[in-house]
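Shown next, in structure tokens, is the structure this report addresses.
Only a predicted model underlies this, so the values are computations on that prediction, with no experimental measurement involved. In this chain, residues are counted from 1 in sequence order.
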Amino acid sequence: MRGANQSSVSEFLLLGLSRQPQQQQALFVLFLSMYLATVLGNLLILLAISVDPRLHIPMYFFLSHLSFVDICFSTTTVPKMLANHILGTQAISFSGCLTQMYFVFMFVDMDNFLLAVMAYDRFVAICHPLHYSTKMTHQLCALLVAGSWVIANLNVLLHTLLMARLSFCADNAIPHFFCDVTPLLKLSCSDTHLNEVMILTEGSLIMISPFICILASYVHITRAVLRVPSTKGRWKAFSTCGSHLAVVSLFYGTIIAVYFNPLSSHSSEKDTAATVMYTVVTPMLNPFIYSLRNRDLKGALRKMVDRKTCS
């Protein structure tokens, strides 16, 4: 390891969320339940969209990618934590730690971009319905998703390479359940100024630009909805937008609180609680937020279940 990254640490110890046995048991059951709910909910959305031709439109194309990303997102962190609990180990290799960090933040970026793309899709559908089919073409949808994957990978590759150049000399205990950037920077015995500057500048640009696009889209959507003569129609639109914005606020609020502050202002307890919200809770909530209020998707799920029951 010394030759590649000038580090005397060959592995890290993931201390998890608690060191008390009773709390560990409760957290194991809780995280296992949330992980299963995340995978099952998102898989059902993927299956419903794939088998129902009526859902082969841009909105559900983006939703299917969001569901796939959320499954991968949770799978990157939660199974490792559950396995460590079962096996009674806390160790993760240096290369395994960097790999986990890479995929965690790649899927964070993808969630970030897909939420923005979905907000833009709704903006075009509600504010420019007559031009929707000409604006949201299959080529544009594919380009938006492919571009998101490329930018996400390049962004995370930059931060992973910056992390790999740091030295880790003695302490290898990470007070977290996965390899997160902030605790790794705190453990480093070399200068982390460049890493912090890149997170606060380039990282902020990557995260905040889509957030601004989401807010701008919903401002225009709100103006369009206010012109709807039906009170019932306005309330339905606002309740749906409110649910989406609640998830968006939870996702961005916790990320901004954890990563876009100086290292000196961080505490491991607060950072861990915040990261649980965007790595575990948000992927679990997305299927419910984007499907329970969607008549077409509920119809497709019901039809799929009926087919299985009949067979």
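- Using cut-offs of 30° and 60° on the angle between ring planes, the pair Y120 and F123 is tilted.
- Counting heavy-atom neighbours within 6.0 Å of F103 CZ, excluding the residue itself, gives a total of 12 or less.
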| query | N112 and F251: side chain to side chain contact (heavy atoms under 4.5 Å, CB included), yes or no, with the steps? | reply | CA-CA 9 Å; N112 175 37; F251 179 75; 4.2 Å; yes

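- The disulfide bond (SG atoms under 2.5 Å apart) check on C189 picks up C169, with sequence neighbours excluded.
- In this structure, the side chains of V124 and H131 stay at 4.5 Å or more apart for every pair of heavy atoms.
- At a threshold of 4.5 Å between non-hydrogen side-chain atoms, the residues S209 and I212 do not count as touching.
- Of all heavy-atom pairs between L14 and F177, the closest is CD1-O, 4.0 Å.
- Atom CZ of F28 sits in a crowded spot, with more than 12 heavy atoms from other residues, nucleotides or ligands closer than 6.0 Å.
- Using a 4.5 Å heavy-atom threshold, the side chains of F62 and I57 count as separate.
- Aromatic pair H176/F178: centroids less than 6.0 angstrom apart.
- Between F31 and V78, the closest heavy-atom pair is O-CG1, 3.9 Å.
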| Does the side chain to side chain contact (heavy atoms under 4.5 Å, CB included) test come out yes or no for W149 and M110, once each step is laid out? | CA-CA 7 Å; W149 281 107; M110 281 305 300; 3.6 Å; yes

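- Taking every heavy atom of both residues into account, S74 and T279 meet most closely at OG-O, 3.7 Å.
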| field | Trace of the side-chain hydrogen bond (donor to acceptor under 3.5 Å, both in side chains) decision for Y60 with D52 | value | CA-CA 11 Å; Y60 298 108; D52 194 332; over 6 Å; no

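- Put simply, M81 and L30 are part of the same group of oily side chains (I, L, V, M, F, W, Y) that touch within less than 4.5 Å, one to the next.
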